Asker: 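Take this structure first; my questions come after.
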Amino acid sequence: MAQPRIIIVGGGFGGLAAARALRNSPAEIILIDRTNHHLFQPLLYQVATSVLAPSQIGFPIRGVLEKQRNATVIQGEVAGVNRDLKCVVVSNADRPNVPIAYDFLVLATGATHSYFGRNELEEFAPGLKSLADAVATRNKVLQAFELAEAEEDPSRHRDLLTFVLVGAGPTGVELAGALAVLVQTTLKSDFRRIDPASARIVLVDMAPRVLGPFSEHLSQAAKQRLENLGVEVRLGHGVDQIDAEGVVVAGEHIASKTVIWTAGVAPSPAGKWLNVETDRAGRVRIQKDLTVPGYPEIFVVGDTAAFEQDGKPLPGVAQVAMQQGRYAGKLIHSRITGGKPPAPFRYFDKGSLAVVGKGFAVLQSGKVQISGFGAWLIWVFVHLQFLATSGLRLSVFLQWIWTYVTGQRGSRLIVNHHASASVRTEVSKAVRGAA
Ligand SMILES: Cc1cc2nc3c(=O)[nH]c(=O)nc-3n(C[C@H](O)[C@H](O)[C@H](O)COP(=O)(O)OP(=O)(O)OC[C@H]3O[C@@H](n4cnc5c(N)ncnc54)[C@H](O)[C@@H]3O)c2cc1C
């Protein structure tokens, strides 16, 4: 008899956890992802600020599942699900709209950044969600210093060296702290015409405090720490306008050539593919066993799912996605093998962490709330533990020690992969014109 086929869409935290939980299942598992790599998103800001190289936080999905003989990895973009015919529609550059049938489906397609309906802002304030985004941000930040050094008119240095971050959640806070350390240590003695430490870093949020999900006390500690690092924290006002010249906050124009969007997230369109009930943000409402009402063979996990526990929606964090992915895998295994199904899903909150600059983090776990170096050590340990492979753990650990001790960063290259040819052509045209 043919083995049941389980399709998992998404090789992020939720999808990989589901695949791994099915490693001993008598089933054919097909994991489909639009990229070829699993990405450790919590460290994206470290790629954007040159601490780590892209290959230290991303790893090929087929490499992660190398030893799992029942799992096949396909790189492709899922554009829809036919829940009645039980198939997903997958496209890649060579084969558009190929239907692939499933017996069980796990959708773990995550989220992307949201501009709250103002998508035109993306052009001036790119977000941080993929490796390409992180490299583009790194390019932009490093390029700003290059442009300022080349600029002979000192009155222009201020605009070039003003960095505005929109959104003071964990990503905005971590990025602001890392940028502040970058300008004060790593770049300190590299320039002659400009003083990198004079760079202005502005963190803006309409919320009254930074790190909304954390307690008031920790949020205050994080804000204080940012201010000690020289970051200007502007709370209580969103940005009214963003364009190529900067932002407008509470009627004040802040001139800046580098604006980075670290605000809202929007789930993947899985709810539209399935045509089922979603919450206001568009996340698929799932049941206690993580399936979609009326479709016991379809599971939705992680950032793209809406799950309420004790009357509150679970947050969009890696732990939720991993625990849900693992649960979906176990439940499918029990259904295939006729084993005892697990009890309804319950999230176990191990706590939240956010790092603010060098050697300082905030940690909230139940009643425990700490900030400072101790929390930072825990942050280091936790983040190393959840990287996809032992090779990545070692490489990141060594890089962190090196950066901590020397202040040097691993990856300070400006690499415009796609633009390089056209930029070169434009430059040569300009040079020929001038001649
Ligand atoms: C900058 C940043 C910092 C963060 N920091 C933290 C943190 O410190 N702690 C924490 O707990 N969480 C953090 N998060 C949130 C955490 O990363 C997410 O909650 C987690 O990744 C969700 O896991 P997931 O499996 O639902 O989705 P993801 O991990 O996003 O994986 C989704 C996968 O689906 C693939 N995919 C999407 N659409 C399609 C499609 N149509 N076809 C094929 N493949 C598709 C994607 O390529 C991706 O590989 C952070 C997120 C970001 C962006």
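In each ligand, atom 1 is the first atom listed, and ligand 1 is the first ligand listed. The analysis underlying the following values was restricted to heavy atoms, covering all of them including side chains, and did not include hydrogens, waters or symmetry mates. Here the structure is a predicted model, which means the values were calculated and not measured.
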Asker: Kindly write out the residues that satisfy side-chain hydrogen bond (donor to acceptor under 3.5 Å, both in side chains) with Q224, not counting sequence neighbours, or none if the list is empty.
Answerer: N228
Asker: Check whether Y404 forms a cation-pi arrangement with K358 (NZ or CZ under 6.0 Å from the six-membered ring centre, at most 45° off the ring normal).
Answerer: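 That pair qualifies as a cation-pi contact.
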Asker: Going by heavy atoms, is L128 under 4.0 Å from ligand 1?
Answerer: yes
Asker: Before accepting this row, confirm whether a basic side-chain N of the pair K312/E308 lies closer than 4.0 Å to the acidic partner's carboxylate O.
Answerer: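 A salt bridge is absent here (no side-chain N lies under 4.0 Å from a carboxylate O).
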Asker: Can we call the ring centroids of F373 and W379 under 6.0 Å apart?
Answerer: no
Asker: Run the numbers for me: atoms of ligand 1, each under 4.0 Å from some heavy atom of D303, listed by number.
Answerer: 18 (C), 19 (O), 20 (C), 22 (C), 26 (O)
Asker: Looking only at distance, does R34 have an N or O less than 3.5 Å from an N or O of ligand 1?
Answerer: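 Yes; the residue has a nitrogen or oxygen that sits under 3.5 Å from a nitrogen or oxygen of the ligand.
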Asker: As an exercise, identify every atom of ligand 1 less than 4.0 angstrom from a heavy atom of A321.
Answerer: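 Checking each atom against A321, I get 22 (C), 23 (O), 24 (P), 25 (O), 26 (O).
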Asker: Can you list the atoms of ligand 1 that are under 4.0 Å from a heavy atom of W273?
Answerer: 41 (N)
Asker: Of all the heavy atoms in W379, does at least one lie under 4.0 Å from an atom in ligand 1?
Answerer: no
Asker: Answer yes or no: does an N/O atom from D33 fall short of 3.5 Å to an N/O atom of ligand 1?
Answerer: yes
Asker: Answer yes or no for S268: is there a heavy-atom contact with ligand 1 below 4.0 Å?
Answerer: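 No.
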Asker: Measure the shortest side-chain to side-chain distance between S50 and L142 over non-hydrogen atoms and say whether it is less than 4.5 angstrom.
Answerer: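 Touching, per the 4.5 Å side-chain cut-off.
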Asker: A111 to ligand 1: N or O pair under 3.5 Å?
Answerer: no
Asker: Considering residues at least two apart in sequence or located in another chain, which fulfil the side-chain hydrogen bond (donor to acceptor under 3.5 Å, both in side chains) criterion with S215?
Answerer: Q369
Asker: Should you measure from each heavy atom of E77, which atoms of ligand 1 turn up under 4.0 Å away?
Answerer: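 Listed by number with element: 41 (N), 42 (N).
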Asker: Do any nitrogen or oxygen atoms of L44 lie less than 3.5 angstrom from nitrogen or oxygen atoms of ligand 1?
Answerer: no
Asker: Between E232 and R234, does any NZ, NE, NH1 or NH2 come within less than 4.0 Å of an OD or OE carboxylate oxygen?
Answerer: yes
Asker: Is the count of non-hydrogen atoms from other residues, nucleotides or ligands lying under 6.0 Å from F381 atom CZ greater than 12?
Answerer: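 Atom CZ in F381 is not crowded, with 12 or fewer foreign heavy atoms closer than 6.0 Å.
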Asker: Looking at ligand 1, would G76 count as a contact under a 4.0 Å heavy-atom criterion?
Answerer: yes
Asker: Would you mind telling me if ligand 1 is within reach of the side chain of V78, the backbone, both or neither, using heavy atoms under 4.0 Å?
Answerer: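 Both parts.
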Asker: Numbering the atoms of ligand 1 from 1, which are under 4.0 Å from a heavy atom of G316?
Answerer: 15 (C), 19 (O)
Asker: Do Y295 and R83 have side-chain N/O donor and acceptor atoms under 3.5 Å apart?
Answerer: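 Indeed, the side chains of Y295 and R83 share at least one donor-acceptor pair under 3.5 Å.
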Asker: Any N or O of F13 that comes nearer than 3.5 Å to an N or O of ligand 1?
Answerer: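 Between F13 and ligand 1 (N or O atoms, distance only) the closest approach is under 3.5 Å.
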Asker: Assign the ring pair F299 / F104 to parallel, tilted or perpendicular, where the plane angle (0 to 90°) is split at 30° and 60°.
Answerer: tilted
Asker: Can you name the atoms of ligand 1, numbered from 1 with element, that are less than 4.0 Å from a heavy atom of G302?
Answerer: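 Per the distance check, 26 (O).
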